[in-house]
Amino acid sequence: LLTDFDMGSMNGLELTEHCRRTMPELKVVLVSGTVEASTALNHPVKINEFLSKPYRPRDLAALVRTLLAE
C-alpha cells in the first residue's frame with residue numbers, strides 16, 4: 001500500500017489500520033509533506049517505510065523494490 005498521510009476524511013495511518021484487518025501482512029509506505037518521519041514511525045499503527053515529500057521517483061521505485069524483495 002502506498003498512501004499519503006493527509007487524505008481528507010481519513011489519514012494514511014487510519015487507512016493502514018483498516019486494510020490490515022483483512023490483510024495483516026500488507027506492506028505499507030506512507031508519504032507526507034506535513035508529518036515528521038519519527039511521528040509516523042513511532043505511531044501505534046506500524047508502517048514499513050516513510051518517505052518525505054518531495055521525493056524523487058527513483059527513490060520511491062527503489063523503496064518499493066526493496067519492500068517487494070523482502
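The basis for the numbers below is simple: all heavy atoms, side chains too, and nothing from hydrogens, waters or symmetry mates.
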What's the shortest heavy-atom distance between Leu63 and Val29, and which atoms? CD2-CG1, 3.8 Å
Same hydrophobic cluster for Val28 and Leu2, using side-chain heavy-atom links shorter than 4.5 Å among ILVMFWY? no
For residues Leu60 and Leu68: do they belong to one hydrophobic cluster (side chain heavy atoms under 4.5 Å, members Ile, Leu, Val, Met, Phe, Trp, Tyr)? yes
Within this structure, what is the CG-NE2 distance for the pair Asn11 and His43, rounded to the nearest 0.5 Å? 7.0 Å
Would you say Tyr55 and Leu30 are hydrophobically clustered, going by side-chain heavy atoms of ILVMFWY under 4.5 Å? no
Connected via hydrophobic side-chain network under 4.5 Å: Leu26 and Met10: yes
Ignoring hydrogens, what is the shortest heavy-atom contact between Thr34 and Ser32? Give both atom names and the distance. N-OG, 2.9 Å
Can you list the residues that meet the side-chain contact (heavy atoms from CB on, under 4.5 Å) rule with Leu41, with sequence neighbours excluded? Ala37, Ile47, Phe50
Should we say atom CD of Glu36 is surrounded by more than 12 heavy atoms from elsewhere, each under 6.0 Å from it? no
Contact check, side chains of His18 and Arg21, non-hydrogen atoms, under 4.5 Å: yes
Quick check: is Leu1 connected to Met7 through a chain of hydrophobic side chains (ILVMFWY, heavy atoms under 4.5 Å apart)? yes
Value for CZ (Arg65) from CG (Leu67), rounded to nearest 0.5 Å, stands at 11.5 Å
Neighbour count above 12 (heavy atom, 6.0 Å) for Arg58 CZ: no
Of all heavy-atom pairs between Lys27 and Glu70, which one has the smallest distance, and what is that distance? NZ-O, 3.0 Å
Is it true that, when you exclude Glu25 itself, more than 12 heavy atoms of the residues, nucleotides or ligands shown sit nearer than 6.0 Å to its CD? no
